[in-house]
Structure formats: structure tokens, C-alpha cells
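See structure below.
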Amino acid sequence: MLFLPLISKQLLTFECDMLENKTIIAGPCSAESREQVLKTAEGLTSVGISYFRAGLWKPRTRPGCFEGVGEKGLEWMREVKQKYGLKIATEVAFREHVEMCLSAGVDLVWIGARTTSNPFLVQELAEALGGKNIKVLVKNPINPDVDLWAGAVDRLTRAGVRNVGVIHRGFSSYQKIKYRNAPGWQIAIEFRQRYPDVPFFCDPSHLAGRKDYILELSQKSLDLGLDGLMIETHCSPSQALSDSGQQLTPSELKCLLDSLSARKPLPTSEDVRSRLEEMRRDMDVIDTRILQDLTDRMDISRQMGHLKKAEGISVIQTGRWNSLLERVCEESKKYGLREDYVKSIFSIIHDASIDEQD
Ligand code: PEP
Ligand code: MN
């Protein structure tokens with residue numbers, strides 16, 4: 001049985017920014033120098049963000065890359081807090097990072113995607129963070145595993161961390177795709193549905209990998225009703241020591257936030273509410289019909305299974321599957337349905353049929 005973390009949104013008091021009740025976290029991928037940190041923070045003061053982020057301990061894919069300035073960056077972050085009144089946030093991976101952050105007055109820490117994938121480290125962090133007055137955001141693990149992500153949140157709440165939220169930053173992909181990381185929105189949606197009260201952020205910078213995709217990904221996450229954004233911002237992105245292609249300048253961030261529109265979580269007019277309800281009723285009727293058709297299909301599949309068994313014919317007949325797929329893909333064009341959508345539905349239907357015939 002899944003252990004549901006005892007989290008309630010009320011416990012997490014993220015303040016809201018200009019973008020209709022959405023919390024914005026912005027700042028450089030990495031703190032590089034005192035000047036870069038302060039200049040970026042100064043630029044962000046007119047953008048209206050709540051949290052200034054900067055990575056101090058950087059988990060890099062290959063050794064020899066810039067691995068962060070470490071503890072000395074905390075002093076620069078404290079200056080940002082004092083001078084510009086911004087709350088400060090950084091990534092932690094070990095107990096010592098947590099201890100240093102707590103003594104430096106860091107307001108929020110996040111657990112990076114590579115760390116979330118490691119239950120030993122998450123447990124260590126959970127024990128260091130338990131009972132402390134600090135907010136914690138858990139990035140999704142690099143592999144698309146909703147249970148591993150939920151498990152990390154669970155470890156934190158069991159250890160007494162009260163202010164927990166999550167960040168969707170996409171998943172590693174072996175295939176070449178448009179974005180740096182595969183969005184896998186269905187996993188984010190599944191997490192959201194399992195834990196509707198856990199504040200949910202999106203990190204379009206690490207999803208995108210390139211600054212020109214950040215707007216569309218941010219808008220998509222707002223359309224899904226997520227609670228806030230973490231966007232990498234640098235005073236001089238082209239000179240950044242890490243993730244230079246995906247960082248925005250503070251003024252680019254301002255333009256981006258101005259062009260986003262946040263949706264209301266629920267309809268406010270009675271007319272819209274009742275039209276939506278009517279559409280949902282129509283949809284429910286169709287869903288019931290789909291279930292009936294699936295049941296009828298499964299009945300035939302079972303009969304076929306018995307016949308194949310009685311006649312000693314193998315369950316999987318690849319020729320049949322290929323011709324079925326070809327036919328439904330051809331028909332899907334006629335109906336204007338996306339081919340990949342139809343393909344994935346029929347793969348699930350076919351797999352279940354084969355299972356039933358075993
Ligand atoms: C980061 O936010 O700088 C970072 C390293 O992110 P991720 O863990 O998502 O790769
Ligand atoms: Mn980064």
C-alpha cells in the first residue's frame with residue numbers, strides 16, 4: 001500500500017508574485033562570483049520574484065566541469081538576502097550542505113534530480129532537514145519513476161519535514177528529442193493527481209535546455225495548473241560557467257513572465273460551470289461505451305485464447321498485430337486522430353489481450 005505523505009498546502013506558505021498567485025524562483029544555475037550573484041539579484045529586484053536561487057554544489061555529468069564555488073557562495077547569498085530582501089534557495093545533496101545552509105539562513109533548499117534517484121542520500125537529507133524551519137523542494141528523479149519521486153517526498157515527511165513541494169524538470173532520454181529533457185507531462189500529472197495538496201513547481205529551464213523553448217514550457221505548466229516556476233537567470237548568460245544556453249537575463253525573464261497567462265483553477269461563472277458539467281456528462285457516457293466495447297473485445301480475445309490453446313497455436317501472431325496496427329493508423333487519419341495516440345492506445349489493448357490469452 002502506498003503511504004500517503006501528510007502534507008497540506010496550508011503548511012507551505014510560498015508567497016505569491018506578480019503572476020497571479022504563482023511563486024517564481026529565479027537566479028543563476030551556479031553562483032560564480034560575488035559580482036555575478038549580486039548583479040543578477042539586483043536585476044531581479046524589478047522582476048518581482050520571491051526566491052533567489054543559485055547552485056553552490058553542482059552535480060556535473062562529467063568531471064572537470066565547473067563544480068560550484070561551495071560554501072563561500074553562501075556569504076554572497078546572505079548579502080542578496082540583506083541587500084535586496086529576497087529569500088534565498090540552493091541545492092543540497094549531503095547532510096553537511098544542509099547544516100551549512102541552516103546556519104547561513106537559507107530559506108529554501110531543493111534536492112536535485114540526480115539525488116532524488118538515490119534513496120540513501122534522500123534519507124540522509126531527510127534526517128538532516130527533519131524538524132527544521134526550512135522549505136524543501138524535491139525535483140523529479142532523472143528516470144521517469146513516479147514512485148521513486150513520491151518515495152523521496154515520503155522520506156522527508158516521515159522524518160518530520162513539514163514544508164515540502166516538488167519540481168518537475170523532465171526526464172533523461174536516450175532518444176534525440178527537441179528538449180534537453182523529455183517533459184513526460186503524464187508523470188507530472190500522475191504525481192499531481194496522487195498528491196493534489198503538494199505544491200508543484202515546474203523548472204522549464206532544465207526541461208528546455210535552450211532559452212527559446214522556456215516560454216512554451218512555462219505556459220504549458222501553467223495551463224496544467226502548476227503552482228510556480230523555477231527559471232535560471234544570469235546577468236550575462238553567454239558567460240555562464242554552467243547551463244549557459246538555457247539562462248535568461250533578468251529583463252528577458254520579466255518579458256517572459258509578462259507574456260504568460262495563468263489560468264484560474266476553477267470556473268468562476270455559473271454559465272461556464274454548467275457548460276463544462278454538460279460536456280463532462282457527455283464524456284461520461286462515451287467512457288461507459290468505451291468500457292463496454294473493451295469488455296466485448298476482451299470476451300472475443302478470451303475465446304480466441306481458448307481456441308489457440310486447444311489447437312496448439314502460439315499466442316503471439318506478429319503478422320496479425322502488424323496488420324491491425326496498420327489498419328487503425330490508416331483509419332485514425334480519417335478521424336483526424338494523432339497516430340502516436342492511437343498507436344499507444346492499441347498497444348495497451350493488444351498487450352492486455354495477449355496477457356489474457358497466456
Ligand atoms: C539545477 O537546478 O541547477 C540542477 C542541477 O537541476 P537538475 O537537478 O534538475 O538537473
Ligand atoms: Mn542548471
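For clarity, every value in this text was computed on a predicted model and none was experimentally measured.
Among residues at least two apart or in separate chains, there is no salt bridge (charged side-chain N to carboxylate O under 4.0 Å, His left out) pair with a member in residues 310-326. Sorted by first and then second residue, the salt bridge (charged side-chain N to carboxylate O under 4.0 Å, His left out) pairs with a member in residues 42-70 read Arg53-Glu232; sequence neighbours excluded. Residue pairs satisfying the side-chain hydrogen bond (donor to acceptor under 3.5 Å, both in side chains) criterion with at least one member in residues 97-109, sequence neighbours excluded, are listed as follows: Lys81-Asp107. Residue pairs satisfying the ring pair (Phe, Tyr, Trp, His ring centres under 6.0 Å) criterion with at least one member in residues 105-149, sequence neighbours excluded, are listed as follows: Trp149-Phe191, Trp149-Phe200. Listed by first and then second residue, the salt bridge (charged side-chain N to carboxylate O under 4.0 Å, His left out) pairs that reach into residues 336-349 are Arg338-Asp340, Glu339-Lys343, sequence neighbours excluded.
Checked against side chain to side chain donor-acceptor pair (under 3.5 Å), Lys308 has the following partners two or more places apart in sequence or in another chain: Gln357. Considering only residues two or more places apart in sequence or on other chains, Arg155 meets the salt bridge (charged side-chain N to carboxylate O under 4.0 Å, His left out) condition with none of them. Under the salt bridge (charged side-chain N to carboxylate O under 4.0 Å, His left out) criterion, Asp223 pairs with Arg263, not counting sequence neighbours. Partners of Arg169 according to the side chain to side chain donor-acceptor pair (under 3.5 Å) rule, which considers only residues two or more places apart in sequence or in another chain, do not exist here. Applying the salt bridge (charged side-chain N to carboxylate O under 4.0 Å, His left out) criterion to Glu330, with sequence neighbours excluded, gives Lys333. Judged as a side chain to side chain donor-acceptor pair (under 3.5 Å), and not counting sequence neighbours, Ser332 has no contacts. Here Lys72 pairs with nothing under the salt bridge (charged side-chain N to carboxylate O under 4.0 Å, His left out) rule; sequence neighbours left out.
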**Request:** Take Ser242 and Ser30, measure what side chain to side chain donor-acceptor pair (under 3.5 Å) needs, and give me the verdict at the end.
**Result:** CA-CA 7 Å; Ser242 58; Ser30 304; 2.6 Å; yes
**Asked** Where do Thr23 and Asp227 land on the side-chain contact (heavy atoms from CB on, under 4.5 Å) test, with the steps shown first?
**Response** CA-CA 7 Å; Thr23 300; Asp227 303 303; over 6 Å; no
**Request:** Tell me, with the steps shown, if Arg95 and Val98 meet side-chain contact (heavy atoms from CB on, under 4.5 Å).
**Result:** CA-CA 5 Å; Arg95 167 184 296 278; Val98 172; 5.7 Å; no
**Request:** Any chance you could lay out the side-chain contact (heavy atoms from CB on, under 4.5 Å) test for Tyr51 and Met230, step after step, and finish with the verdict?
**Result:** CA-CA 9 Å; Tyr51 289 84; Met230 178 191 260; over 6 Å; no
**Prompt:** Which is it for Asp243 and His206 under the side chain to side chain donor-acceptor pair (under 3.5 Å) test, yes or no, and what are the steps along the way?
**Reply:** CA-CA 9 Å; Asp243 288 350; His206 288 90; 3.0 Å; yes
**Request:** Any chance you could lay out the side-chain contact (heavy atoms from CB on, under 4.5 Å) test for Leu324 and Phe346, step after step, and finish with the verdict?
**Result:** CA-CA 9 Å; Leu324 183 157; Phe346 276 89; 4.0 Å; yes
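Considering Arg210, Lys211, Arg180 in turn, Arg180 is the only one that fulfils the side chain to side chain donor-acceptor pair (under 3.5 Å) rule with Gln246.
For the pair Ser218 and Leu256, the tightest heavy-atom approach, listed with the atom from each and the gap, is OG-CD2, 4.1 Å. Looking at every heavy atom in both residues, Leu215 comes nearest to Ser259 through CD1-OG, 3.6 Å. Minimum heavy-atom separation, Leu137 to Val166: CD2-N, 3.9 Å. Residue Ala93 comes nearest to Thr115 through the heavy atom pair CB-OG1, 3.9 Å, listed as atom of the first residue, atom of the second, then distance. Of all heavy-atom pairs between Val106 and Thr90, the closest is CG1-N, 4.3 Å. Here the closest heavy-atom approach between residue Ala26 and residue Leu253 is recorded as CB-CD2, 3.6 Å.
Not one N or O on the side chain of Thr249 forms a donor-acceptor pair closer than 3.5 Å with the backbone of Cys235. Distance alone, capped at 3.5 Å, places no donor-acceptor pair between the Glu91 side chain and the Leu56 backbone. A donor-acceptor pair under 3.5 Å is formed between the side chain of Thr233 and the backbone N or O of Ile231. Proximity of a side-chain donor or acceptor of Gln247 to a complementary backbone N or O of Pro237 within less than 3.5 Å is not detected. A donor-acceptor contact shorter than 3.5 Å links the side chain of Lys22 to the backbone of Leu226. Checking side-chain atoms of Asn143 against main-chain N and O of Asp145 turns up no donor-acceptor pair under 3.5 Å.
Using a 4.5 Å heavy-atom threshold, the side chains of Ile24 and Phe201 count as separate. Glu79 has its side chain within reach of Leu38: a pair of non-hydrogen atoms, C-beta onward, lies under 4.5 Å apart. With contacts defined as side-chain heavy-atom distances shorter than 4.5 Å, the pair Ile111/Leu156 qualifies. Side-chain contact between Ile286 and Ile290 is present, with at least one heavy-atom pair separated by less than 4.5 Å. With a 4.5 Å cut-off on side-chain heavy atoms, Asn140 and Ile167 do not count as touching. Between Gln239 and Glu32, every side-chain heavy-atom pair lies at or beyond the 4.5 Å cut-off. Considering only heavy atoms from C-beta on, Tyr179 comes within 4.5 Å of Glu216 through its side chain. Taking the side chain as every heavy atom from C-beta outward, Trp76 and Gln36 never approach each other to under 4.5 Å.
The pair Arg78-Glu75 counts as a salt bridge, with a side-chain nitrogen and a carboxylate oxygen less than 4.0 angstrom apart. Contact check on Asp258 versus Lys254 returns a salt bridge, with a Lys/Arg side-chain nitrogen under 4.0 Å from an Asp/Glu carboxylate oxygen. Under a 4.0 Å N-O distance rule, the pair Arg289/Asp293 does not qualify as a salt bridge. Between Glu277 and Arg273, no side-chain nitrogen of the basic residue sits less than 4.0 Å from a carboxylate oxygen of the acidic one, so the salt-bridge criterion is not met. Between Asp197 and Arg192 there is no salt bridge, since no side-chain nitrogen of the basic residue lies less than 4.0 Å from a carboxylate oxygen of the acidic one. A salt bridge between Asp284 and Arg280 is absent, with no side-chain N of the basic residue lying under 4.0 Å from a carboxylate O of the acidic one.
Taking CG from Leu229 and CG from Leu257, the interatomic distance works out to 7.0 Å, rounded to the nearest 0.5 Å. Taking CD1 of Ile25 as the start and CG of Leu44 as the end, the distance is 12.5 Å to the nearest 0.5 Å.
Following chains of ILVMFWY side-chain contacts shorter than 4.5 Å, one cannot reach Val315 starting from Met298, and the two form parts of different hydrophobic clusters.
Looking only at atom types and distance, the side chain of Arg297 has a donor-acceptor partner in the side chain of Ser353 under 3.5 Å away. No side-chain donor from either of Gln186 and Glu190 sits under 3.5 Å from a side-chain acceptor of the other.
Summarising the local packing, NZ of Lys178 is surrounded by more than 12 heavy atoms from other residues, nucleotides or ligands at distances under 6.0 Å. Shown here is Gln317, whose CD atom has more than 12 heavy atoms of other residues, nucleotides or ligands within 6.0 Å.
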